[in-house]
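Take a look at the structure below.
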Amino acid sequence: MTAPLPVRPPEPPATGTPASGTPASGTPAPKEEHRRPSRLLAPLRQTGQLFALALAVARAIFRRPFQVREFIEQFWFVASVTILPAALVSIPFGAVIALQVGSLTEQLGAQSFTGGASVLAVIQQASPLIVALLIAGAAGSAICADLGSRKIREELDAMEVMGVSPVQRLVVPRVLATMFVAVLLNGLVSVVGTLGGYFFNVIMQGGTPGAYLASFSALAQLPDLYIGELKALIFGFIAGIVAAYRGLHPRGGPKGVGDAVNQSVVITFMLLFAVNMVLTAIYLQIVPPKGG
């Protein structure tokens, strides 16, 4: 008998891909890569959405029907929560500015210009910022919470299904209310702050009323009041837009609404100081000082 022939061991499977395009049995199938949006682009995306909301509000202001009743209610609400705090805050602001400017002018030997310098600082800088901060902190937070609660209860989605624009129905009256209240409050804060500065300068620093008023008339001019009112109008618009944007985009249910309120106040403060710097620089370049 002849010995059995040796059996040849099987060859290992090939690692390459067959011609049919399917991977070999020994190689795992390649996984598909899912591209996720970069976190670095999130602030840019939110900034674009904020500007888009501002443009939508600006266009919807001139569309009919205008929500007169909603505007009156929001105007009264914003005014009721900001008038008294604005008047109370403007007194120490005017006093601090008058005391600081009076001390500085005394060191320089220019006590006669204390009144004009302190009043200009109140009208151009302090008054619009006080109004904007109070509107953002008191009224803006309430607007953001109201819109955020409506969003998580899906009321805004129901309005869109019925063909009602939430921007025209809810956002536009609130933004206009913050703008008009800011303009009116700016006049109140300017008057109260000026009176507070006058009292502290004349009573506590020994200044004379005639020199205080004379320096004001020598340095102040009508565009100083215009820029204060314009700043208040722009700051009120910014506060209303930011509050509405964060209220329309809450995250995580009721907790997200509280986070959106905090974020709206912080974002508004940052934008206000940046815009105030730009407006002040433009005003000083366009309008020459009185007597210059």
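As a basis for the values below, the full set of heavy atoms in this structure was taken, side chains included, without hydrogen atoms, waters or symmetry mates. Quantities reported herein were computed from a predicted structural model and do not represent experimental measurements.
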Q: Please examine the side chains of Asn276 and Phe235, heavy atoms only from C-beta on, and report whether any two atoms are closer than 4.5 Å.
A: yes
Q: Look at the rings of Phe71 and Phe180 and say which category their plane angle falls in: under 30° parallel, 30 to 60° tilted, over 60° perpendicular.
A: perpendicular
**Q.** Any donor-acceptor pair under 3.5 Å from Thr280 side chain to Met277 backbone
**A.** no
Q | Path from Leu53 to Met159 over hydrophobic side-chain contacts below 4.5 Å | A | yes
Q | side-chain contact (heavy atoms from CB on, under 4.5 Å), paired with Leu272, selected from Leu133, Val242, Ile267, Ile135 | A | Leu133
Q) For Phe93, does the CZ atom sit with more than 12 other heavy atoms under 6.0 Å from it, leaving out its own atoms? A) no
Q: Evaluate the side-chain proximity of Gln49 to His249: yes if any heavy-atom separation is below 4.5 Å, no if none is.
A: yes
Q | 4.5 Å side-chain heavy-atom contact, Ile97 and Gln125 | A | no
**Q.** Closest non-hydrogen atom pair between Pro223 and Tyr283, with its separation
**A.** C-OH, 3.4 Å
Q: Please confirm whether the backbone N or O of Gln221 pairs with a side-chain atom of Asp224, one donor and one acceptor, at under 3.5 Å?
A: yes
Q: Output yes when a side-chain donor or acceptor of Thr178 lies under 3.5 Å from a complementary backbone atom of Gly236, and no otherwise.
A: yes
Q. Going by heavy atoms in the side chains, are Arg63 and Val172 under 4.5 Å from each other?
A. no
Q.
Quick check: do Ile227 and Val287 have side-chain heavy atoms less than 4.5 Å from each other?
A. no
(Q) More than 12 heavy atoms of other residues, nucleotides or ligands under 6.0 Å from CD of Gln100: yes or no? (A) no
Q: For residues Phe77 and Gln74, determine if any side-chain heavy atom of one lies less than 4.5 Å from a side-chain heavy atom of the other.
A: yes
Q: Please determine, by modelled atom types, if Ser127 and Lys231 share a side-chain donor-acceptor pair under 3.5 angstrom.
A: no
Q.
Does any part of the side chain of Asp157, heavy atoms only, come nearer than 4.5 Å to the side chain of Lys151, both counted from C-beta?
A. yes
(Q) For a 4.5 angstrom cut-off between non-hydrogen side-chain atoms, does Leu176 reach Phe75? (A) no
Q: Taking all non-hydrogen atoms of both residues into account, name the closest pair between Ile123 and Leu225 and its distance.
A: CG2-CA, 4.2 Å
